Amino acid sequence: MRHVGLKWVMAAQFAYKHSAIEKKWQKRWRKEKTFSPDIAKAKKPYYNLMMFPYPSAEGMHVGNMYAFTGADIWGRYQRMRGFDVFEPMGLDGFGIHSENYAIRIGEHPTAVSKRTQKRFYEQLERAGGSFDWTRTLETYDPAYYKWTQWVFVQMFKKGLAYRKKAQVNWCPSCKTVLADEQVINEECERCNTKVVDRELEQWFFKITDYADRLLNNLDKIDWSEKVKIAQRNWIGRSQGVLIQFSLAGPVGSSSRSTSSLSAAGTQRDPLRSRHPQDYVEIFGTRPDTIFGTTFLVLAPEHPLSLEISTRGQIQKVKQYIKTSQKKSNEERMAKARGKTGVFTGAYAVNPFNNEKIPIWIADYVLLSYGTGVVMGVPAHDQRDFEFAKKHKLPIREVIRSKGEKWNRKQAFEGEGVLVNSGKFSGLSSREAIEKISNHAQKNRIGQRKVQYHLRDWLISRQRYWGPPIPMIYCEKCAKGGKGEHKGMAGWYPVPEKDLPVKLPHIKNYQPKGAGESPLALDKTWVKVACPECQSVARRETDVSDTFLDSAWYYLRYPNIGKKDDAIPWNRQVTKKWLPVNMYIGGAEHAVLHLMYSRFLAMAFHDWGLIDFEEPFTRFYAHGLLIKDGDKMSKSRGNVVVPDTYIKKHGADTVRSYFMFLGPFDQGGDFRDTGIAGMNRFYGRVWDLVTGTQNLILDNTGDAKATYVRIHQAIKRVTEDMENLRYNRAIAGIMEYVNFLQDMRGKGVPTKGKMRCTEWEEALQTLVKLVAPFAPHIAEELWQSNWGGKKFVSVHLQAWPEFSPELTLELTLEIPVQVNGKLRGTVRLDREQAGSQKAVEKEARKLEGVSRHLKGKKGKKVIFVPERLLNFVVS
RNA sequence: GCCGGGAUGGUGAAACUGGUAGACACGCAUGGUUUAGGACCAUGUGCCGUAAGGUGUGAGGGUUCGAGUCCCUCUCCCGGCACCA
């Protein structure tokens, strides 16, 4: 029987040649616009987006291809499910990453980007993505960044962009400031240089205004839980209270005279009668521990730290502030457990027990969080505990855990029952938090407060390769106190008709490091007429953060080609295509790109420009393809480019190989062993379809079994596709192919037109199932076997459907156990397999089973219909 | 420290609501085909054992007729956050 099949195999050997078909179909698809949906008329729009790459000039590496392949397979699958899939591609090539590369190779970024663009798009097409090549965008294209600048202008107009002097993260190597999110372990995320603090005036976006919505909306969107958690952590909401501690004791050396002592707590309306310097305000999340406060600590940078210090201590305090400022962040971290500090000489009064407690200054307290002052509760906070031990401050227990005595070796940070807490003693921590907060609020000594870790988004970059921030500063207006917004006298946005503010060509574009962008070098460019008074003004010379480019690009894609309107998108198109149905990208952007994009969408929504708040309905984080256990990167020198593999084995093989490596959300380690195996598999698929069109299965039993297998295969692959479990889907297809090969061995070849319907259907199904993974092979096989006169791509064919009742096996194998140990199996018809009687009868006949039952007393028999039989004996 | 995710053959990995652990591949071995190599085809392949059989999902305990899967304790690895009060 077998040899009949073998003849074909030998005849068909080596028939599959990827080089002959891949380019051919890529050209055809482009010509036919197979993957360009009709944006205006599409009936079932589906926006399948993947994170656009920043093009390193080496070109696309296998890590990129891995990510895009998985996303593209999703798009192709949805297309076959009947959707008008829009799958755009572009380049995020404006920004530090591209500029740094240009500097390294000593070429101008304009020239570099021209080259990388060509190379990247070529590679992407060769890798077999179903992109809409009629709608690409590059962030460095003035037609694009015109609108990035427009976004900035709107942010300014709506009061969400502001300028302030602030302590910012400065990368000495990139010579620019960085957003908090771009600092990883105190290092610049781009070049791993230690970041230092610098005081500079910068542009910020008020993302903190949206903190609550950014947090709450997370519950409404279908995103990887991992990413949601990362965002929640980053937003870092904590519920607490602000409590005012009056100053007591000599307020000293500063020239400012205060009337502080009188304010200590007894007036009717203390809030109003006090000067701000009469009290210090703390932020804490554990008001239940307030009776355990034995000292207060101010951050060294706190404005009051010098003011409250006494004459005797002021020199020491000054010295301490100076040294802690000089410390780099790194040192401050390294000494994290050192708990250095200095006493100010001043005292405060705990409003809950009127106790006089000392005020200290220590750099374990951060100015940037809360009020920059904490209440020191050494018994119940480990940091305070260490500080108290070191500086010999009193430690008082006020929370006791159930029945246990506190060991005094380290702080007890858990919740418990209050002791030594006046009238609050005996309450549980939970109750006390409530009651103490209420008490503070009622007596005007404090209030509830929600505190976020999230800070405003630092937008300015002192670099060349980015969109110039479209702002103008007029000195004359500034002097006159005129300006678009209060508090920002002299600042005007560039009028929208004048956008884009084109990036001038500057030969020496390298960053200078003086806290100023190289754009400042072009004096004629800087000079501009004030939009308000027409006198000579100057342009802002900083460019905006790369993440602004990518925070809104998804809105642009479907609108490319639309005539420019007053806003960068057409409302109808946007309504039809957005929000994005599926967004696929790396989890490394969890707190950067994804947070910024959400923020801007909310702002656009609030201005009435779009009607959704969340830009990405579904986000799926793919895993990373790594190399030898390490992330692929130029600095590690382990970047693998897919070109040679594509050339050797074909894109279809490489794509499938990547997806077969392991679960898509898990990534994997790139090795080239095994690619050949995938190629072999497609050789078999090819031979199967091209070699055996005319086949009659020799009996109806085989035909029936074939039908069951077709439906089982469809079911399995479909379910796996739905869950993006491509590795399983491919395994399912392989099993199916293995089965078909066996069937072919049994079949009888026929001449001429005679065909067996089941077989024909089996092959068509195979080609469709394979199509998302191996688009070129599928197209070739489809067109040459079932293609009509008019070209209709296999990728527009309907995904095969299955009937659940047809997936049921005709016979079932039932495992038989004795005391839970497998002793044999019986094969029965479906009906019999559901009857305990029938199964038991067959099972007892088994030698391996009867042997273990002999001489034993039967206790019971467990039977799971169609599943299992277990004899329990003793 | 906190929050996530993991740990299954020589390797990548499967295993639906607890029900034949290792599907599907890679690799390896043997045989076939081939002038040779490669490619291709067949068979085998968790471990110990000639076999019968035993044993086996990071470690230990528990629940159950039955545990990779559920519960408790612990170890290690990866990712994120981190002096956030």
Side-chain angles (χ1 to χ4, degrees), chain A residues 2 5-6 9-10 12-14 184-185 224-234 236-238 240 282-286 289 297 299 332-333 335-339 362-366 368-377 380-384 386-387 413 451-453 587-588 590-591 623-624 626 629 657 660-663 665-669 671 673-681 683-684 687 716 719 725 727-738 741 813-825 859-864 866-873:
Chain A
R2 193 82 227 165
L6 283 180
V9 173
M10 286 160 65
Q13 247 183 60
F14 303 118
I184 312 291
N185 291 330
S224 316
E225 203 48 39
K226 226 178 144 176
V227 175
K228 287 191 186 183
I229 289 165
Q231 292 216 348
R232 283 191 195 109
N233 286 344
W234 192 260
R237 182 185 202 270
S238 49
I282 63 95
F283 172 76
T285 55
R286 289 291 302 273
T289 64
V297 192
R332 237 163 123 161
M333 291 294 280
K335 295 198 176 154
R337 301 288 157 201
K339 296 288 176 291
D363 60 12
Y364 82 89
V365 174
L366 307 172
S368 50
Y369 190 76
T371 58
V373 187
V374 302
M375 56 184 209
V377 187
H380 304 291
D381 182 286
Q382 188 57 26
R383 296 155 301 182
D384 297 344
E386 285 161 26
F387 190 77
E413 297 188 326
Q451 183 67 42
Y452 298 96
H453 171 211
E588 70 272 18
V591 293
L624 289 182
I626 55 174
Y657 169 69
F660 190 56
L661 221 50
D665 59 355
Q666 215 175 282
D669 206 273
R671 265 171 243 166
T673 63
I675 296 190
M678 188 56 75
N679 202 4
R680 232 174 285 157
F681 168 70
R684 286 202 296 273
D687 293 345
R716 171 160 182 194
E719 283 168 3
R725 312 202 22 176
N727 57 327
R728 285 181 38 123
I730 292 171
I733 297 172
M734 284 174 164
E735 276 176 3
Y736 182 49
V737 167
N738 290 345
Q741 278 188 318
E813 194 182 38
I814 309 291
V816 181
Q817 300 178 335
V818 178
N819 283 341
K821 280 209 163 113
L822 183 71
R823 297 299 177 187
T825 61
K859 279 169 84 178
K860 61 174 161 176
V861 180
I862 308 275
F863 178 67
V864 185
E866 300 185 6
R867 275 233 116 114
L868 157 136
L869 185 73
N870 186 12
F871 292 101
V872 185
V873 295

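Given the structure is predicted, the values throughout are model-derived calculations rather than measurements.
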For this session: Please list, chain by chain and in numerical order, all residues satisfying side chain to side chain contact (heavy atoms under 4.5 Å, CB included) with A:S238, sequence neighbours excluded.
Result: A:F283, A:T285, A:Y369, A:Q451

For this session: Say whether, by atom type as modelled, one donor and one acceptor occur between the side chain of A:N727 and the main chain of A:L661 under 3.5 angstrom.
Result: no

Exercise. How close or far is atom P of B:C3 from atom CD of A:E225, stated in whole angstroms?
Worked result: 15 Å

Problem set entry | Side chain of A:W234 - closest among B:C81, B:C83, B:A14 | B:C81

For this session: Indicate, with a heavy-atom threshold strictly under 4.0 Å, whether A:R232 touches base, sugar-phosphate, or nothing.
Result: nothing

Exercise. CZ of A:F283 versus C1' of B:A85: gap in Å, rounded?
Worked result: 8 Å

Problem set entry | A:V873 vs A:V818, side-chain contact (heavy atoms from CB on, under 4.5 Å): CA-CA, chis, key distance, verdict | CA-CA 7 Å; A:V873 295; A:V818 178; 4.0 Å; yes

Problem set entry | With sequence neighbours excluded, residues passing side chain to side chain contact (heavy atoms under 4.5 Å, CB included) with A:L822 | A:P815

For this session: Could you state the atom-to-atom distance from CG of A:L624 to C1' of B:G80 in whole Å?
Result: 13 Å

For this session: Using the C1' atoms only, state how far B:G22 lies from B:G12, rounded to an integer number of Å.
Result: 13 Å

Exercise. Within the structure shown, what part of the strands sits under 4.0 Å from A:G668 by heavy-atom distance: base, sugar-phosphate, or nothing?
Worked result: nothing

Exercise. Taking the chi torsion of B:G46, is it syn (within 90° of 0) or anti (everything else)?
Worked result: anti

Exercise. B:A21 and B:U8: how far apart are their C1' atoms, nearest whole angstrom?
Worked result: 8 Å

For this session: Applying side-chain hydrogen bond (donor to acceptor under 3.5 Å, both in side chains), name anything that partners A:Q817, two or more places apart in sequence or on another chain.
Result: none

Problem set entry | Gap in Å between the two P atoms, one belonging to B:A7 and one to B:A15, rounded | 11 Å

Seminar exercise, completed: Checking B:G4, B:A85, B:C24 against the side chain of A:D381 (C-beta onward), the nearest is B:A85

Listing time: all N or O pairs from protein to nucleotides 20-22 of chain B that are below 3.5 Å?
unit_1 : atom_1 : unit_2 : atom_2 : d
B:U20  : N3     : A:E813 : OE1    : 3.3
B:U20  : O4     : A:E813 : OE1    : 2.6

Exercise. Can you name the residues that form a salt bridge (charged side-chain N to carboxylate O under 4.0 Å, His left out) with A:R867, not counting sequence neighbours?
Worked result: none

Exercise. CD of A:Q666 versus P of B:C77: gap in Å, rounded?
Worked result: 18 Å

Exercise. How would you list, by chain and number, every residue that makes a side chain to side chain contact (heavy atoms under 4.5 Å, CB included) with A:E813, sequence neighbours excluded?
Worked result: A:T825, A:R827

For this session: Choose from B:G54, B:A15, B:C83 the nucleotide whose nearest atom is closest to any side-chain atom of A:R823.
Result: B:G54

For this session: For the side chain of A:I229, starting at C-beta, report the closest nucleotide among B:A85, B:G19, B:G4.
Result: B:G4

For this session: Remember a base hit wins even if backbone is also touched, and classify A:V872 as base, sugar-phosphate or nothing at under 4.0 Å, heavy atoms.
Result: sugar-phosphate

Seminar exercise, completed: Taking B:A85, B:A23, B:C83 as options, the one with an atom nearest any side-chain atom of A:D363 is B:C83

Exercise. Considering residues at least two apart in sequence or located in another chain, which fulfil the side chain to side chain contact (heavy atoms under 4.5 Å, CB included) criterion with A:R716?
Worked result: A:D720, A:R728, A:A731, A:E735

Exercise. Expressed in whole Å, how much space separates the P atoms belonging to B:G37 and B:C28?
Worked result: 16 Å

Problem set entry | Any A:N727 side-chain nitrogen or oxygen under 4.0 Å from OP1 or OP2 of B:G12 | no

Problem set entry | Gap between atoms NE2 and C1', on A:H453 and B:A85 respectively (whole Å) | 13 Å

For this session: Report which part of the nucleic acid A:L661 touches: base, sugar-phosphate, or nothing (heavy-atom distance under 4.0 Å, all strands).
Result: sugar-phosphate

For this session: Report the residues that fulfil ring-ring contact (aromatic ring centres under 6.0 Å, His included) with A:F387, sequence neighbours left out, ordered by chain and then residue number.
Result: A:F295, A:W360, A:Y364, A:H391

Exercise. What string of B, S and - do you get for nucleotides 25-30 of chain B 5' to 3' if you count protein non-hydrogen atoms under 4.0 Å?
Worked result: SS----

Exercise. Can a donor-acceptor pair under 3.5 Å be found between the side-chain atoms of A:N870 and the base atoms of B:C65?
Worked result: yes

For this session: Among B:A23, B:A85, B:G80, find the nucleotide with the atom closest to the side chain of A:A230.
Result: B:G80

Exercise. Hey, does the side chain of A:K860 come within less than 4.0 Å of B:C65's phosphate (OP1/OP2), counting only N and O?
Worked result: yes

Problem set entry | Distance in angstrom units between A:K821 NZ and B:G66 C1', rounded | 12 Å

Exercise. What is the distance from CD of A:E719 to P of B:A14, rounded to the nearest Å?
Worked result: 16 Å

For this session: Would you mind classifying the nucleic acid contact of A:R725 as base, sugar-phosphate or nothing, using non-hydrogen atoms under 4.0 angstrom?
Result: sugar-phosphate

Seminar exercise, completed: Of the listed B:G80, B:A14, B:A23, the closest approach to the A:N233 side chain comes from B:G80

Exercise. Which atom names give the shortest non-hydrogen contact between A:T289 and A:M375, and what distance separates them?
Worked result: OG1-CE, 3.5 Å

For this session: Mind checking salt bridge (charged side-chain N to carboxylate O under 4.0 Å, His left out) for A:R286 and listing every partner two or more places apart, or none if nothing turns up?
Result: A:D288

Problem set entry | Dot-bracket encoding of pairs in RNA chain B, which uses [ ] for pseudoknotted crossings and | for another strand, Watson-Crick or G-U under 3.5 angstrom | (((((((..(((......[....)))((((((.......))))))(((....)))..(((((..]....))))))))))))....

Exercise. Using the C1' atom in both, what is the distance from B:G62 to B:G66, to the nearest Å?
Worked result: 15 Å

Exercise. Can you tell me how far P of B:A85 sits from CD1 of A:I282, to the nearest Å?
Worked result: 12 Å

For this session: Please list, chain by chain and in numerical order, all residues satisfying salt bridge (charged side-chain N to carboxylate O under 4.0 Å, His left out) with A:R237, sequence neighbours excluded.
Result: A:D212

